[in-house]
Amino acid sequence: MPQFRLYDTMSRSVRPVETQEPEHLRFYCCGPTVYSYAHIGNFRTFLSADLVVRTAESLGWRVSYASNITDVGHLTEDDVADAGGEDKMERALRSKEGEAFANVWDLARHYADAFEEDWRLLNMRAPTVRPRATEHMREQIQAVEDLIKSGHAYETPTGVYFSVESFDGYGKLSGNKDQDTLMRAVRTVVQDDNKRHPADFALWKKDDKHLMQWFSPWGWGFPGWHIECSVMARQYLGDTIDLHAGGEDLVFPHHECEIAQSESCTGKAFSNHWMHVRFLQVEGEKMAKSKGNFFTVRQLIEEGHDPLAIRLALMGTPYGKPMNFTMQGLRDAGGILARIQEVERRAAKEAGTPGTEIQRIYDELLGAMCEDLNTSVAVAKMIEGIRSFLREDTLSAAQAGEARWFLDRIEQTLGMHGRTVEATAAPEVPEINGVLITKWIEDRAEAKRAKDFARADDIRKQIEAAGFELRDTPQGTEWKRLAPGS
RNA sequence: GGCGCCGUAGCCAAGUGGUAAGGCAGAGGACUGCAAAUCCUUUACGCGGCGGUUCGAAUCCGCCCGGCGCCUCCA
């Protein structure tokens, strides 16, 4: 078995993933704040986490995987300096999309459900636990109290703050260590005179006007953004976790603050390995609603893209590099997926014994994943394996069994498969101009038999104009909805 | 100001010291009434530029040019 190595933000090097317990990975990945639909950039991060889980499982490891949902409306300026600004969920509630919801709780529930649905559609492993911030309020309050008792936190008229000077290691993850860079990083603009140090960050905000508020030893209010992850990671995975992941923007302040809180609470290392996923760009530009290049998973699916094609497209560039997501790349992925589906059709029901060649291809695929999740190479190996089965006109029973084996492997390791919706549910037969497409196809076959090719081509053109593609096979003519943009 | 990343064929993108993976597009071919789908073959004498180290560099070092990210709600 190859050694599983990942880039570690803390040590700035590619290191083996070391588990405290042999072959048992304790893994935490920071989830989204659910104030709107998650976009494909969000999912690049969660997909990378999914690939960590699948790679570990492919090595025979057990994985305890926690990925949270932040359903508390944290503030638009809830940074290390102070929790100021607007509440993200309150703002969402006031927006046009927010009109559909009675209150922030409904809004959070709706987007959390949508998030989990998209997660499933992208064929991502369900986490062992998916804790929610609002369901761990007592634990968060307890942690804040502990930090006050141990001298790491203090109360002010506006809330409870973590004292950055009480923790030596503050800045070790992000490199924001010296006072000068730290001061710049925390933007002294939003200083609070009640704080002992400008970089001190909120653990609890006092606010009895907030739409989401809880009662605490410091009165009504809500928790700071960073404390939830510290608390939930500890509760479900223990004092020290093996690997912690998130988007690159979370390095500072979020993960830096998590480390400070957790290590101050336990006196132990919070995480032994840190993984950060680089941001996704679209057509070479930063994704932004204002640029019109902002995509959600459901949007792309609605446009006719297969969720697995989206998944495959997102694997085109390894997580450690910024990725340029393009519509062309998405269409390309759809083409690869079609070939996987073709092998799925030809494969046996039961996996057979892999031959040395296909075994070699899979070993290289897994080896690439173990080397810092090199998805570019892994996908190339997957295609190599898929092609080896398409090369033959017909597969022998042994080859069909090998094909099944390989498909099972790529499902386990890459989360890719060729099972189509039509294979499990009877497809709805569409009508064209009030006539079933199957009738049009029969008419065309009739014309072909009569050698009336002009009429046959005319029928095909009509069907294509309606957005369907025909494919003549030895078993007869099949139809398929045309992929968008092709 | 701090931290970090990237520049490889028309496009996307691996490769991090031993002589350029893979995908898309393009070209040719098989199959087809013609297509579609699928398969086969083919496409970079060169890896932003200039120096240096080395028997040997896309890969290491230096400088330069160009692009980008985070540090601000953000995955």
Side-chain angles (χ1 to χ4, degrees), chain A residues 9 12 29-33 35-36 38-49 73-81 85-88 91 171 173-178 180-187 189-190 225 245-254 256 276-281 284-288 312-313 316-326 328-336 338-339 342-343 346 364 368 374-384 387 390-393 448 451-454 456-457 460-461 464 469-473 477-480 482:
Chain A
T9 310
R12 289 178 195 173
C29 179
C30 284
T33 303
Y35 56 92
S36 70
H39 52 70
I40 54 173
N42 298 117
F43 277 105
R44 181 184 198 206
T45 296
F46 307 130
L47 175 60
S48 302
H74 290 298
L75 305 182
T76 53
E77 290 168 27
D78 191 10
D79 62 359
V80 284
E86 268 187 300
D87 178 288
K88 282 185 275 184
R91 190 171 57 180
L173 181 69
S174 61
N176 293 336
K177 276 188 197 155
D178 63 76
D180 190 46
T181 60
L182 193 56
M183 292 292 268
R184 283 176 182 277
V186 302
R187 293 181 104 202
V189 203
V190 273
W225 173 34
E248 63 173 320
D249 56 316
L250 298 185
V251 175
F252 189 90
H254 187 54
E256 198 73 78
H276 291 98
V277 181
R278 305 301 303 273
F279 269 13
L280 182 80
Q281 289 175 267
E285 286 192 291
K286 183 172 177 169
M287 188 161 54
L312 184 57
T317 307
Y319 79 94
K321 279 188 175 185
M323 170 171 186
N324 184 16
F325 185 93
T326 62
Q328 183 61 54
L330 181 55
R331 283 190 290 270
D332 292 352
I336 309 287
R339 284 193 275 189
E342 184 61 34
V343 173
R346 301 185 188 187
E364 287 174 0
N374 191 334
T375 47
S376 299
V377 170
V379 168
K381 291 297 165 189
M382 176 186 80
I383 292 169
E384 187 183 341
R387 293 185 88 123
L390 293 174
R391 193 149 35 226
E392 313 294 333
D393 284 335
K448 279 175 68 176
K451 303 275 184 211
D452 185 357
F453 297 122
D457 289 348
R460 186 170 61 203
K461 269 181 199 149
E464 277 172 359
E469 178 180 273
L470 292 189
R471 182 174 161 192
D472 294 334
T473 75
T477 301
E478 295 172 1
W479 59 269
K480 188 181 140 190
L482 272 170

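Letters A, B, ... are given to chains in the order of the sequence lines, protein chains preceding strands, and every chain is numbered from 1.
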Can you tell me how far [atom1] in [N] sits from the matching atom in [M], rounded to whole Å?
N	M	atom1	value
B/C24	B/C40	P	11 Å
B/U59	B/C47	C1'	10 Å
B/G4	B/U42	C1'	40 Å
B/C60	B/U16	C1'	9 Å
B/G29	B/G17	P	43 Å
B/A36	B/A27	P	12 Å
B/C55	B/A9	P	31 Å
B/G46	B/A20	C1'	8 Å

Counting Watson-Crick and G-U wobble pairs only, both distances under 3.5 Å, name the nucleotide matched with [N], or none.
N	answer
B/G17	none
B/G69	B/C3
B/C45	none
B/C24	B/G10
B/C31	none
B/A36	none
B/U59	none
B/U54	none

If I take atom [atom1] in residue [X] and atom [atom2] in nucleotide [N], what distance separates them, rounded to the nearest angstrom?
X	N	atom1	atom2	value
A/R331	B/C11	CZ	C1'	12 Å
A/I336	B/A25	CD1	C1'	13 Å
A/E384	B/A21	CD	C1'	9 Å
A/E364	B/G22	CD	P	12 Å
A/L250	B/C71	CG	P	10 Å
A/D249	B/C71	CG	C1'	11 Å
A/N324	B/C6	CG	C1'	12 Å
A/F325	B/G69	CZ	C1'	19 Å

Practice problem: Carefully, step by step, assess A/L173 and A/H276 under the rule side chain to side chain contact (heavy atoms under 4.5 Å, CB included). | Solution: CA-CA 11 Å; A/L173 181 69; A/H276 291 98; 4.3 Å; yes

Margin query: So that I can tick it off, tell me whether A/K461 and A/E464 are bridged by a salt bridge, with the cut-off set at under 4.0 angstrom between side-chain N and carboxylate O.
Written below: no

What nucleotide among [options] has an atom nearest to a side-chain atom of [X]?
X	options	value
A/N374	B/G15, B/U38, B/C5	B/G15
A/E248	B/A21, B/C3, B/G69	B/G69
A/F453	B/A13, B/G23, B/G33	B/G33
A/Q281	B/C68, B/G33, B/C39	B/C68
A/R460	B/C34, B/C70, B/A14	B/C34
A/F279	B/A75, B/U38, B/G23	B/A75
A/Q328	B/C3, B/C74, B/C24	B/C24
A/L390	B/A75, B/G23, B/U38	B/U38
A/Y35	B/C73, B/A21, B/C24	B/C73
A/F252	B/U72, B/A75, B/G23	B/U72

Residues A/A333 and A/A313: closest non-hydrogen pair is CB-N, 3.7 Å

Smallest heavy-atom separation, A/P318 atom then A/N374 atom, equals CG-OD1, 4.0 Å

Quick one: pull up [atom1] in [X] and [atom2] in [Y] and give me the separation to the nearest 0.5 Å.
X	Y	atom1	atom2	value
A/L250	A/T9	CG	OG1	10.5 Å
A/K448	A/T477	NZ	OG1	5.0 Å
A/E248	A/R278	CD	CZ	4.5 Å
A/N42	A/T33	CG	OG1	9.5 Å

Report yes or no: is there a donor-acceptor pair, N or O only, under 3.5 Å between the side chain of A/T45 and the base of B/A75?
yes

Looking only at N and O atoms, is any donor in the side chain of A/D457 or the base of B/G33 less than 3.5 Å from an acceptor on the other one? yes

Once you apply a heavy-atom cut-off of 4.0 Å, does [X] come out as touching a base, just sugar-phosphate, or nothing?
X	answer
A/T317	sugar-phosphate
A/D472	base
A/R278	base
A/G329	nothing
A/H276	nothing
A/L280	base

Side-chain heavy atoms of A/D249 within contact of A/H254, under 4.5 Å: no

* Looking at side-chain heavy atoms only, is the closest gap between A/I336 and A/I383 below 4.5 Å? -> yes

Respond yes when some side-chain nitrogen or oxygen of [X] is under 4.0 Å from OP1 or OP2 of [N], and no when none is.
X	N	answer
A/K321	B/G4	no
A/R387	B/G23	yes
A/R471	B/U32	no
A/N42	B/C74	no
A/R391	B/C40	yes
A/R339	B/A37	no

Between A/A456 and A/I40, whichever has its closest RNA chain B nucleotide further toward 5' is A/A456

Per nearest nucleotide of RNA chain B, the residue lying toward the 5' end, A/A380 or A/M323, is A/M323

